[in-house]
Amino acid sequence: MPQDIFDKIMTLAKRRGFIYPSFEIYGGVAGFYDYGPLGAQLKNNIENLWRKYYLLKDNCIEINTPTVTLYEVLKASGHTNEFTDLTVDCKKCKQSFKLEGLVEKGDPEKEAKEGKVKCPNCGEILKNPYPVNLMFSTKIGVGNTRDAFLRPETAQGIFTNFHLLYRYAREKLPFGVVQIGKGYRNEISPRQGIIRQREFNMAEAEVFFDPKDKSHPDFDSVKNKTLFLFDNKKEMKFSVEKAVKQGVVNNQALAYYMCLTQEFLLDVGIDPEKFRFRKHGDDELAHYATECWDAELYSERFGWVECVGIADRSAYDIKSHIESSGNDMYALRKFDEPKTVNVKKVVADMGKLGPLFKNKAGKIKDLLEKIDVKKDKEIILNVDGEKIKIPTDCYKIVETEEKIMGERFVPHVIEPSYGIDRILYMILEHSYSEGKKSDEEYRILKLNPVVAPVKVGIFPLIGDKKLINIAKKLDSDLRTSGISTYYDEGGTIGRRYARMDEIGTPFCITVDHDSINDNAVTVRDRDTTKQDRVKIKEVLSFIMAKISS
RNA sequence: GCGGAUAUGAUCUAGUGGUUAUGAUAUUGGCUUCCCAAGCCAAUCACGCGGGUUCGAAUCCCGCUAUCCGCACCA
């Protein structure tokens with residue numbers, strides 16, 4: 001069986017310390033992977049570059065919230081319902097179906113119990129639907145517990161803090177909040193290695209906008225850049241500006257973050273030829289989204305894989321949390337000048353209401369203050385199903401002037417959501433190249449120096465004490481200056497280069513006998529194998545310049 | 001979750017109901033080596049897990065787990 005690129009990468013990743021299957025000594029569990037020493041560094045580098053784009057370039061703020069998430073939060077967000085699918089298996093043809101997809105009207109569960117659901121494949125009657133919930137559930141505490149789930153996305157941690165973050169942002173929109181962390185999904189059958197995990201790393205940004213103004217302050221700086229778009233039929237190239245003007249992308253904000261995403265992915269080492277944005281059809285939108293573009297990356301093994309979703313979640317989440325928590329999470333759209341309005345208010349006279357209605361008086365007061373009361377008109381309130389006449393002397397109608405500073409609204413959210421593990425895999429796949437050297441398989445990971453876990457390999461040409469001393473000193477100096485290195489004096493020089501090529505180290509420095517006299521070393525470039533003679537004093541700035549460009 | 005196939009060092013692999021289980025690559029140490037996996041010597045490392053059959057199981061049987069291929073599902 002010839003290995004395909006996925007096998008080759010996973011083999012290399014395990015052998016060299018990028019990725020290990022989790023719990024392997026106990027047989028392993030599908031959907032869980034460990035990052036080894038190089039994988040962890042690679043992941044850090046990807047995340048830190050991501051931070052440069054979102055925290056520095058786009059000026060977002062970063063927070064960090066628990067992965068264990070209270071039941072109520074995910075109930076409000078719709079995840080407890082939307083992530084529970086009733087599934088039925090056909091005994092005859094051995095296929096399984098999502099029950100909801102088979103029953104158009106009525107209660108699907110009831111229809112199934114009554115034997116009214118037939119297999120669309122073979123016509124057999126389908127029975128015994130069972131729920132499949134994609135969230136890991138847990139309990140908080142012992143004894144008197146509260147229900148919780150491991151979060152399926154980091155976003156809810158941001159939404160539930162919106163009112164605090166809005167104040168932190170000094171009540172100005174738009175502003176963005178990001179979180180990098182773990183998400184969990186109890187996938188029925190994860191089979192695509194690191195592409196589909198049960199515990200995975202995500203980087204999400206929730207950018208809050210006034211729904212009446214989804215323009216982005218930096219839009220002008222990106223408007224002439226080209227987006228690679230795919231509308232499920234053909235691939236197209238549009239400028240950011242044109243995509244919005246022609247309505248291909250609904251608003252500036254979406255288009256801006258698509259552009260930011262594209263630049264990040266190309267910067268991090270994704271092959272531009274294997275990149276596109278694909279728009280979700282109406283039938284595939286998540287329950288919270290009104291428009292969604294996926295950044296898809298092409299894998300030789302898996303085809304086009306969605307690695308970033310950029311969704312317009314509209315007001316969905318914050319509105320849900322306002323409704324179910326009762327918290328004030330509105331934003332305020334300030335008027336240019338405060339408006340003065342005459343307001344009629346009903347003021348209940350508790351001195352009369354109390355003795356008259358006893359324990360119902362409180363409820364009556366609340367109701368009175370809500371309804372639109374007109375003077376001299378009899379009021380009949382419906383209190384817990386009982387109709388009660390309210391005498392006119394029990395309340396007063398007061399007219400006051402109020403200043404209104406602005407109008408309250410629920411902000412809209414644009415959400416770029418990145419699957420870090422998928423991106424990491426795609427970087428490996430797109431960077432992988434192989435050939436032969438001395439009749440042996442030769443592999444190079446052409447990682448972008450920005451993300452490469454090791455930036456520089458340092459070797460004494462031969463095991464001579466004098467060379468070793470110079471090399472070790474240089475190694476230590478570079479690491480002290482923040483450049484990750486790998487010191488190696490074992491084996492032939494070619495073997496050492498090969499080891500570094502295989503883990504994607506962009507530069508190798510060799511100390512030879514001339515170094516003793518001329519205080520210079522050779523710096524070898526991974527992709528060209530060309531060498532530069534560089535003064536030891538200047539090595540740091542030489543490498544720095546290459547790494548940051 | 002269903003059907004089929006598979007499981008031997010880090011990697012690829014040979015193997016048979018019967019001593020101490022191949023070979024290669026890699027790794028480690030030594031010798032040699034002045035720029036791209038050279039050579040020589042030595043060393044470390046494996047039968048997925050659990051049960052059964054048997055005098056004896058890595059080999060045969062069953063279960064589990066994982067992986068691969070279909071189906072189904074799916075940010």
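Treat the numbers as computed from the prediction; the structure is a model and nothing was measured. Within every chain, numbering begins at 1; the chains are lettered A, B, ... in the order of the sequence lines, protein sequences first and strands thereafter.
When each of Tyr497(A) and Phe6(A) is assigned the nucleotide of RNA chain B with its nearest heavy atom, Tyr497(A) is the one assigned upstream, toward the 5' end. Between Gly490(A) and Val511(A), the residue anchored closer to the 5' end of RNA chain B is Gly490(A), taking for each the nucleotide with the nearest heavy atom.
Ring to ring, Tyr418(A) and Phe264(A) are close: their centroids are under 6.0 angstrom apart.
Comparing the same atom, C1', in G4(B) and in A72(B) gives a spacing of 16 Å after rounding to whole Å. When the C1' atom is compared between C35(B) and U22(B), the two are found 37 Å apart, to the nearest whole Å. Rounded to a whole angstrom, the distance from the C1' atom of C36(B) to that of U28(B) is 22 Å.
The side chain of Ala30(A) approaches U67(B) more closely than any other nucleotide in the set U67(B), A75(B), A37(B). Of the candidates A10(B), C12(B), U67(B), U67(B) carries the atom nearest the Tyr33(A) side chain, counting heavy atoms from C-beta on. Closest to the side chain of Lys14(A), out of A10(B), A66(B), A75(B), is A10(B). Each of C35(B), C74(B), C36(B) was ranked by its minimum atom distance to the side chain of Thr522(A); first place goes to C35(B). Comparing atom distances between the Arg15(A) side chain and each of A75(B), A37(B), U11(B) picks out U11(B) as nearest. Among the nucleotides U33(B), A66(B), C12(B), the one closest to any side-chain atom of Ile462(A) is U33(B).
Taking the ring axis of Trp293(A) as reference, the NZ or CZ atom of Arg278(A) does not stay both within 45° of it and closer than 6.0 Å to the ring centre.
Between the C1' atom of C74(B) and the CD atom of Glu306(A) lies a distance of 8 Å, rounded to the nearest Å. Look at CD on Glu187(A): it is 9 Å from C1' on C73(B), rounded to the nearest Å. Look at CG on Leu134(A): it is 9 Å from P on A75(B), rounded to the nearest Å. Atom CZ of Arg198(A) is separated from atom P of U65(B) by 11 Å (rounded to the nearest Å). Atom NZ of Lys8(A) and atom P of U25(B) are 20 Å apart (whole Å). Rounding to whole angstrom units, CD of residue Glu489(A) and C1' of U33(B) are separated by 14 Å. Rounded to a whole Å, the CZ atom of Phe23(A) is 16 Å from the P atom of U65(B). Here A75(B) presents its P atom at 18 Å from CG of Asp421(A), a figure rounded to the nearest Å.
Judged by atom type and distance alone, Tyr26(A) does not reach the base of C49(B) through any side-chain donor-acceptor pair under 3.5 Å. At a cut-off of 3.5 angstrom, the base of A75(B) holds at least one donor-acceptor pair with the side chain of Arg422(A). No N or O donor and acceptor, one from the side chain of Arg524(A) and one from the base of C35(B), sit under 3.5 Å apart.
Here the closest non-hydrogen pair linking Met202(A) and Pro152(A) is CE-O, 4.1 Å.
Using a 4.0 Å heavy-atom criterion, one finds that Arg496(A) contacts no nucleic acid atom at all. Counting any heavy atom pair closer than 4.0 Å across all strands shown, Gly309(A) reaches no nucleic acid atom. Residue Gln531(A) is in base contact, counting any heavy-atom pair closer than 4.0 Å across all strands shown. Gly463(A) comes within 4.0 angstrom of a base, heavy atoms only.
Side chain of Asp464(A) to main chain of Lys466(A): a donor-acceptor pair is present (N/O by atom type, distance under 3.5 Å, no hydrogens or angles).
Using modelled atom types, one finds no donor on one side chain facing an acceptor on the other under 3.5 Å when comparing His430(A) with Lys274(A). Between Tyr316(A) and Ser77(A), the side chains place no donor N or O within less than 3.5 Å of an acceptor N or O (distance only, hydrogens not considered). Checking Thr65(A) against Gln179(A) by side-chain atom types alone, a donor-acceptor pair falls below 3.5 Å.
For A66(B), the paired nucleotide is U6(B), the pair qualifying as Watson-Crick or G-U wobble because both relevant distances are below 3.5 Å. Shown here, G56(B) forms no base pair; nothing in the strands shown gives a Watson-Crick or G-U wobble contact with both key distances under 3.5 Å. Judged by Watson-Crick or G-U wobble contacts below 3.5 Å, the nucleotide C71(B) has G1(B) as its partner. Searching all strands for a Watson-Crick or G-U wobble partner of A38(B) with both distances below 3.5 Å returns nothing. Across all strands shown, U27(B) is found opposite A43(B) as a Watson-Crick or G-U wobble partner, with both distances under 3.5 Å.
Regarding contacts with the backbone of C69(B), a side-chain N or O of Arg301(A) is found under 4.0 angstrom from either OP1 or OP2. An OP1 or OP2 oxygen of C73(B) is reached within less than 4.0 angstrom by no side-chain nitrogen or oxygen of Arg191(A). Remark: Thr492(A) is in phosphate contact with A38(B), judged by side-chain N or O atoms under 4.0 Å from OP1 or OP2. Checking the phosphate oxygens (OP1, OP2) of U27(B), a side-chain nitrogen or oxygen of Arg495(A) falls inside 4.0 Å.
Contact annotation: the side chain of Arg313(A) approaches that of Phe159(A) to within less than 4.5 Å [non-hydrogen atoms, C-beta and beyond].
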